[in-house]
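Each chain gets a letter, A, B and so on, in the order its sequence line appears, and its residues count up from 1.
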Amino acid sequence: IVGGRSAVPGLFPWQALLMVEDVSRVPEGRWFGSGALLSESWVLTAAHVLRSHRRDASVVPVSPEHIRVYLGLHDIRTKHLAVNRTVERVLLHPRFDPRNYNNDIALVKLSQRVDLSGLALPVCLPPPGQDSSLPLPNTLGLVAGWGISNPNVSTDDTTASDLGDRSDVLQYVKLPVVDQEECRSSYASRYRKYNITENMFCAGYYEGGRDTCLGDSGGAFVMEDPHTGRWVAQGLVSWGGPEKCGSQRVYGVYTRVSNYMPWLQNHLDSDS
Amino acid sequence: QGANLTDMYGTLHSPNYPESYEKEVEVTWNISVPDGFQIKLYFIHFDLEPSYLCEYDYVKVEAEQEVLATFCGREETDTEQVPGDQVITSPRNVLSVTFRSDFSNEERFSGFEAHYSAVDVDECRDRNDEDLACDHYCHNYIGGYYCSCRYGYVLHSDNRTCRVECSDSVFTERTGVLSSSDYPRSYPKSSDCLYRIELEEGFQVNLEFDDTFDIEDHPEVTCPYDYIKIQAGQREFGPLCGDRSPGRIQTGSNSVQILFHSDNSGENVGWRLSYTAVGSQCQVLQPPENGQLEPVQPQYTFKDHVLVTCNHGYKVFKDDEELEHYQIVCEKGGSWSSTVPTCKMVDCGAPEEIENGTVTFEGPSNSTLLGSRIQYSCTNPLHHLYPSGNSTYTCTEAGVWTSEELGTKLPSCQPVCGEPGQAFPALQKR
């Protein structure tokens, strides 16, 4: 998180740390990302966090045994104090496209249920049938993560290594949703190959300074429902341009969760 | 002297004919022709010594120990008979002719010459004896005859009477009609007809004979010719015959055999009966409390069904099993297949539990009977009931807990989402 603040324990009780150790690709095979607790058994994240690293465009999920999920975690150095779960199943969205990160969404089923507490609580999902034009431009959301907070330090991968310049304490930042056309034209003007689809939205500031960054992937972009006061995961940290995180006019791109409610409900319901 | 003559025709004459016959001669000719023929005898010459009642010389014609004629003399007198142009016919296929002369002849007598021939008998025309005549059709041919029967009949081994094949009748319906063949025309002769009524155990067969009843009988001997015998289980009825209908016979059995025997003679109308099956009777049942029986009848007999249903809000209970309805059957021996079940008020039973939730009864005694109400709620404050809304379920007539909103589907306790465990930090003065 660039330009954010340290969270206090329990501020983001749905925040999950996903540690991946794909031993077949050492040393590049170790990385981490975030996820959002949806229930005692399910964690929502971005598909690219759990896609096995390959040079071609094939989409193969990381084996469940190579994933660890930590919940109720505040300081990454005290993982041993957090709730620790292995994974039973990984469901990448079947139309996830690793070339443009379209449909960058995934579900993780924990091997064991999590006991809910003040430090581990689920986040809400958008109501089914929500207008796909939501969230509205300029409304604010919060994103948390243990990703890079100092983008001046170079990294060597599109996801952060847990040995890189990550934050020890969970950071969070408040970001406004960017007008979809502005987001699209911002990327189109600079990079022809980057395509902002209807399954994505941008958030961030034109002037930069505050942003998500490497290692924050999969974390929930939450917005407060004005009626219920509950926090709803409207987005998932997905990708950004090749410039430094927090650069001017380089918005972060988030998966639009409301577009996937049928797929999510289908899997969550079938499980319950 | 004499001869056995077996040709189909021939001549016989007195010894020495046409010369005068000798004294003290007796000659017999035994003529026999095949069965089916008669013998016709006629004389072309006759000249014997006349005597009173032919006591001296004579020609005697006999058949089967019977004297057909005795001739003597030259012409017919009060005491002497000459054959003239008379033709003598034998009753059957044998005839004997005897010529006799005594010890003296007052004059010279030339004797006789006679001819015979075999003549076919038309048995169909001539046999008036019922014991010999064909029952249905008679066909004559030279030397014999044969009988045949109408369609549907079989010629009996006596080659004369016509019987019927009638022993394959099995009646299994609860009612029916049986009769002798061809009723009300004469029944066939020489027949043994077995009629069987075979019903399920539990039924009893009653027979009702028609008033028109006519089976050949005898004034002194009981049914020596034709008769009906009825075998019903261990009981036997009959033999029945005569012209008085036996009327109604209650056999008391579900299995009845009726044998009808006819001999080779007689012309009688026969019989007809209708039968009905009566089931063994079961006692009238009392309906259960809060229930009813259908159909309601003054009496119930074998095979009758009774359906037990309960009033609205009640269910049939049989052997601790809850049923919509229950059927009882009147069985053989007059017992019901089961006792009448009871009607109990609909009970939805203990409500299903939900994870992380609890059930609260609205009533005072945790009743699960019809109309009782329960409410689901979550035990953990970190869970909330989903879907939210009225979580009240009512025990319905169907015997299931039903919610107005969710029907029979249960709510679930879902974790409360989107609520941080900590308040966001307060604003700080810069």
Legend entry - Main-chain N/O of Val329(B) paired to Ser337(B) side chain as donor or acceptor, under 3.5 Å: yes

Inset, instruction - Please examine the side chains of Leu71(A) and Leu110(A), heavy atoms only from C-beta on, and report whether any two atoms are closer than 4.5 Å. - result: yes

Legend entry - Flag side-chain contact, heavy atom, 4.5 Å: Phe96(A) against Asp104(A): yes

Legend entry - Listed partners of Lys318(B) passing side-chain contact (heavy atoms from CB on, under 4.5 Å), at least two apart: Leu323(B), Tyr326(B), Ser338(B), Thr339(B), Pro341(B)

Without placing hydrogens or testing angles, list every side-chain donor-acceptor pair under 3.5 Å for residues 283-295 of chain B, not counting sequence neighbours.
{"unit_1": "Gln292(B)", "atom_1": "NE2", "unit_2": "Thr309(B)", "atom_2": "O", "d": "3.2"}
{"unit_1": "Gln292(B)", "atom_1": "NE2", "unit_2": "Thr309(B)", "atom_2": "OG1", "d": "3.0"}

Legend entry - Residues Glu224(A), Arg230(A): salt bridge by 4.0 Å N-O rule: no

Legend entry - Residues of residues 371-384 of chain B within contact distance of chain A, non-hydrogen under 4.5 Å: Leu382(B), His383(B)

Inset, instruction - Could you name each residue pair satisfying side-chain hydrogen bond (donor to acceptor under 3.5 Å, both in side chains) that touches residues 135-148 of chain A, not counting sequence neighbours? - result: none

Legend entry - Residue Ser117(A) versus chain B: region with a heavy atom under 4.5 Å: backbone

Inset, instruction - Against chain B, label Leu116(A) side chain, backbone, both or neither, depending on which of its atoms sit under 4.5 Å from a heavy atom there. - result: both

